[in-house]
Amino acid sequence: MADDKGLTPRADDFSAWYNEVVQRAELADHSPVRGSMVIRPWGYGIWERMQRALDDRFKETGHENAYFPLLIPMSFIEREKEHVEGFKPELAVVTHAGGKELEEPLVVRPTSETIIYSMYAKWVQSYRDLPLKLNQWANVMRWELRTRLFLRTSEFLWQEGHPAHATEGEAEEETRLMLDVYRTFMEEWIAMPVVTGLKSESEKFAGALRTYTCEAMMQDGKALQAGTSHNLGQNFSRQFGLTFQSEAGAEEFAWNTSWGVSTRLVGGMVMTHGDDTGIVVPPRLAPVQVVVVPIYRKEAERTAVVEKAHELAGRLRERDVRVRVDDRDHLNPGAKFWEWERKGVPFRIEIGPRDLAKEQAVLVKRVQGEGEERKAFLPENQIVAELAEHLEAFQRQLLERARARREARSHRGGETLDELREILEGPGGFVYTGWSGDPAVEERIKEETKATLRCIPDPAFRSPQAPTRCIGGGEARMEVVWARAY
RNA sequence: CGGGGCGUGGCGCAGCUCGGUAGCGCGCCUGCUUUGGGAGCAGGAGGUCCCGGGUUCGAAUCCCGGCGCCCCGACCA
């Protein structure tokens with residue numbers, strides 16, 4: 001932020017650009033506690049839109065919301081072996097309360113499997129009580145060593161779905177279904193294309209049988225794990241005595257799943273669509289989809305133009321467009337243009353004295369597509385009639401643009417470690433290779449290239465030709481995606 | 001925890017080498033003129049110079065000891 005006005009260009013320093021743009025779009029700010037953030041209204045408004053869209057889908061797929069408490073007995077976290085190993089280093093622990101040392105320390109939840117499934121154990125007796133499909137919207141805390149606004153903060157907001165099922169097959173189906181809900185949401189709402197697939201053993205959730213993931217590619221070519229869906233098998237039900245009597249009368253352990261997405265998605269949105277002017281918010285997520293900026297010189301003009309601006313806004317609102325009139329008098333129009341572009345509002349309508357008589361206005365799009373004019377002088381009526389379509393088209397355009405960017409940086413057909421390194425140190429992005437499944441190879445690649453195995457992609461994302469050769473030697477038993485990641 | 005950088009009005013910084021009690025840009029307030037891409041002029045408000053100790057007649061500046069934040073690596077949604 002050398003000169004108060006311009007942002008550091010993405011190409012100069014992507015990381016600096018991200019930090020600046022998040023603050024200057026007023027999405028969030030650092031709180032006084034290291035590693036935690038304040039989500040400001042503009043950022044929270046985007047998160048609220050995400051929440052609503054996801055919550056609707058959760059309900060449609062048969063889930064209900066509930067709320068489980070923030071504090072979890074330490075012994076609960078310790079119950080599942082892999083789980084505790086995964087989370088121990090990042091737990092925040094309450095040791096004192098009410099002026100006394102507690103007999104048993106309480107953990108600020110890093111995730112809620114343990115408390116939720118322990119409660120399920122009380123509630124579930126029969127197969128008739130299953131499936132029990134609950135979700136909660138909550139904050140969680142993981143004491144991270146290195147933090148960044150939205151991408152990794154010690155406290156973050158998320159949703160965690162924690163169903164219990166009667167059969168293994170049902171649990172697997174649920175795991176896949178919710179992964180698909182996430183993928184669709186990310187594409188259709190955030191306009192952020194993702195590759196879905198299975199995590200390797202070393203990358204899976206602590207305590208899960210299998211973890212499925214949505215991996216997005218940011219503009220710097222790095223991967224962002226945007227959402228995960230876990231098949232927990234019976235690991236937690238065994239530890240918490242979550243049993244039920246089956247139709248045949250036998251006592252069985254329930255099959256659990258868990259799935260979550262977090263405020264990290266806001267960071268994903270920023271790094272997917274932002275440009276050197278600021279962030280770009282996809283229309284479906286934008287708290288304000290259109291800002292109307294009145295332009296005037298004399299007082300008489302001001303009255304007429306502002307009145308017209310509000311009238312236009314009213315007509316747009318009737319068509320369910322989220323619109324705001326920026327009639328602040330102490331800023332000139334140019335300052336308002338910059339401000340709303342920085343904040344990523346999809347469209348702007350400029351209306352001034354010259355437009356009034358002609359019953360027209362200027363419609364300006366946040367991102368200029370190839371071969372299109374950014375500004376259009378259009379009759380008022382046409383703007384009102386067509387704006388919803390423009391918003392939808394813009395939404396689609398963002399997804400297409402992001403998808404094209406990802407494809408341009410998806411490298412297929414590489415086989416050797418040197419090729420992998422060359423790509424990562426050059427253009428960056430996703431590298432598809434064959435893999436034998438040997439964890440030692442995965443570990444070595446991670447050490448030597450800093451890239452991790454992002455996923456074993458689902459069929460829809462595999463290369464047209466299955467790789468025959470294999471990175472790190474051995475027989476190519478599957479195709480995998482490598483990338484440096486956030 | 002290792003490496004680097006930085007703590008000075010709300011924000012970004014200068015001043016520190018060579019001690020003399022604080023300045024610039026932006027922002028903010030008031031007024032007038034402006035307003036189709038980041039307004040101009042005039043006036044004004046606002047600072048425990050991160051904290052503690054020391055040296056000195058005198059410390060933002062020198063010395064000692066803390067604390068905090070940011071960035072880069074090892075761990076992770």
Side-chain angles (χ1 to χ4, degrees), chain A residues 1-8 13 15-16 18-20 23-24 29-36 85-91 110-111 138-160 182 199 202-206 211 213-216 223-230 258-268 277-278 293-299 301-302 305-306 326-342 348-356 360-362 364 374-375 377 446-447 450 452 484-486:
Chain A
M1 280 192 257
D3 69 11
D4 292 331
K5 282 186 181 170
L7 282 168
T8 299
D13 185 344
S15 170
Y18 178 82
N19 292 334
E20 289 172 22
Q23 294 226 27
R24 293 177 55 179
D29 203 350
H30 293 280
S31 96
V33 176
R34 188 197 70 86
S36 58
E85 278 175 22
F87 283 109
K88 199 89 192 223
E90 47 194 61
L91 294 180
T111 179
N139 57 338
V140 286
M141 177 161 280
R142 300 178 186 178
W143 211 258
E144 301 290 350
L145 298 174
R146 232 187 109 194
T147 59
R148 304 191 65 190
L149 294 177
F150 290 111
L151 301 176
R152 178 164 295 108
T153 47
S154 40
E155 180 186 357
F156 58 89
L157 304 184
W158 77 344
Q159 74 39 233
E160 42 181 332
Y182 287 157
K199 283 289 187 188
S202 74
E203 297 282 335
K204 74 172 190 191
F205 174 73
T211 291
T213 181
C214 294
E215 298 286 323
L224 182 76
Q225 181 174 305
T228 47
S229 184
H230 317 288
S258 78
W259 27 272
V261 295
S262 71
T263 36
R264 170 180 261 198
L265 290 174
V266 177
T277 304
V293 178
I295 292 153
Y296 45 82
R297 290 167 196 277
K298 304 189 251 329
E299 184 58 27
E301 286 176 349
R302 191 176 81 89
V305 166
V306 169
D326 189 349
D327 55 6
R328 290 176 294 177
D329 195 33
H330 65 286
L331 295 177
N332 68 20
K336 296 177 185 177
F337 297 168
W338 286 105
E339 178 174 331
W340 292 109
E341 284 181 16
R342 194 159 59 231
R348 167 174 84 237
I349 293 171
E350 303 171 15
I351 184 147
R354 297 208 292 272
D355 303 312
L356 286 190
Q360 67 166 31
V362 185
V364 186
R374 192 155 162 256
K375 295 193 179 194
F377 293 80
K446 189 174 171 179
E447 267 173 37
K450 303 219 191 323
T452 48
R484 288 185 182 156
Y486 277 96

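Source: prediction; values computed, not measured. Lettering of chains follows the sequences in order, A, B, ..., and the numbering in each one begins at 1.
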*Starting at OH of Tyr486(A) and ending at P of C75(B), how long is that distance when rounded to a whole Å?*
18 Å
*Of His330(A) and Gly35(A), whose nearest nucleotide on RNA chain B comes first from the 5' end?*
His330(A)
*Rounded distance in Å between the C1' positions of C64(B) and U55(B)*: 11 Å
*Give Ser15(A) one of three labels, base, sugar-phosphate or nothing, depending on what nucleic acid heavy atoms sit under 4.0 Å from its own.*
sugar-phosphate
*Determine whether Val305(A) and Pro353(A) make a side-chain contact, defined as any pair of heavy atoms from C-beta on separated by less than 4.5 Å.*
yes
*Going by ring centres under 5.5 Å and near-parallel planes (under 30°), is Phe337(A) stacked on G37(B)?*
no
*asked:* Just to be sure I understand the rule, does Gly260(A) reach a base, reach only the sugar-phosphate, or reach nothing, if contact means heavy atoms closer than 4.0 Å?
replied: nothing
*Check Arg374(A), Lys336(A), Arg24(A) against Glu341(A) for a salt bridge (charged side-chain N to carboxylate O under 4.0 Å, His left out) and give me the one that passes.*
Arg374(A)
*asked:* Is it true that Ser31(A) and Ser36(A) share a donor-acceptor pair across their side chains at a distance under 3.5 Å?
replied: yes
*Regarding Tyr18(A) and Asp13(A), is there a side-chain donor-to-acceptor distance under 3.5 Å anywhere?*
no
*Does OP1 or OP2 of C70(B) have a side-chain N or O of Asn19(A) closer than 4.0 Å?*
no
_Residue Ser262(A), side-chain atoms from C-beta onward, closest of A77(B), G36(B), G38(B)_ = A77(B)
*Please work out if Arg342(A) contacts a base, only the sugar-phosphate, or nothing of the nucleic acid, heavy-atom cut-off 4.0 Å.*
base
_I want to check something: taking the side chain as every heavy atom from C-beta on, are Ile295(A) and Glu301(A) in contact at a cut-off of under 4.5 Å?_
no
*Closest to the Lys450(A) side chain: C71(B), G73(B), G36(B)?*
G73(B)
*asked:* Regarding Leu224(A), tell me which of base, sugar-phosphate or nothing describes its non-hydrogen contacts under 4.0 Å with the strands shown.
replied: nothing
*Under 4.0 Å between any heavy atoms, over every strand shown, what does Arg354(A) touch: base, sugar-phosphate, or nothing? Just pick one.*
base
_The side chain of Arg348(A) is closest to which nucleotide in this list: G37(B), A77(B), C71(B)?_
G37(B)
*Arg142(A) to Trp158(A) six-membered ring, cation-pi geometry met (6.0 Å, 45°)*: yes
_Nearest-0.5 Å distance that lies between atom CG in Asp326(A) and atom CD1 in Ile349(A)_ = 13.0 Å
_Mind checking if Glu144(A) touches a base, just sugar-phosphate, or nothing, with heavy atoms under 4.0 Å?_
base
*When the C1' atoms of G3(B) and C13(B) are considered, how many whole Å apart are they?*
25 Å
*Among G37(B), A74(B), U35(B), which is the nearest nucleotide to the side chain of Asp329(A)?*
U35(B)
*Closest to the Arg142(A) side chain: G36(B), G38(B), A77(B)?*
A77(B)
*For the student: nearest non-hydrogen atoms of Cys214(A) and Tyr182(A), plus distance*: SG-CB, 3.9 Å
*Taking only side-chain nitrogens and oxygens of His30(A), does any of them come within less than 4.0 Å of OP1 or OP2 of C70(B)?*
yes
_Side chain of Leu145(A) - closest among C75(B), G36(B), C71(B)_ = C75(B)
*N/O donor-acceptor pair, side chain Lys375(A) with base G36(B), under 3.5 angstrom*: no
*Can you list the stems that RNA chain B is part of, where a stem is at least 3 pairs in a row, each Watson-Crick or G-U, with both distances below 3.5 Å?*
B:1-7 with B:67-73, B:10-13 with B:23-26, B:28-33 with B:39-44, B:50-54 with B:62-66
*Rounded to whole angstrom, note down the C1' distance from A14(B) over to C29(B).*
25 Å
_5' precedence on RNA chain B between Arg148(A) and Thr153(A) (nearest-nucleotide basis)_ = Arg148(A)
*If you look at every strand shown and take non-hydrogen atoms under 4.0 Å, does Val140(A) touch a base, only sugar-phosphate, or nothing?*
nothing
_I'd like to know if Arg374(A) reaches the base of G37(B) with its side chain such that a donor and an acceptor end up less than 3.5 angstrom apart._
yes
_Does Arg264(A) qualify as a cation-pi partner of Phe156(A), given the criterion of NZ or CZ under 6.0 Å from the six-membered ring centre and within 45 degrees of its axis?_
no
_Given A77(B), U35(B), C71(B), the nucleotide with the shortest approach to the side chain of Arg297(A)_ = U35(B)
*asked:* So if I take every side-chain heavy atom of Glu341(A) and compare against A77(B), G37(B), G38(B), which nucleotide ends up nearest?
replied: G37(B)
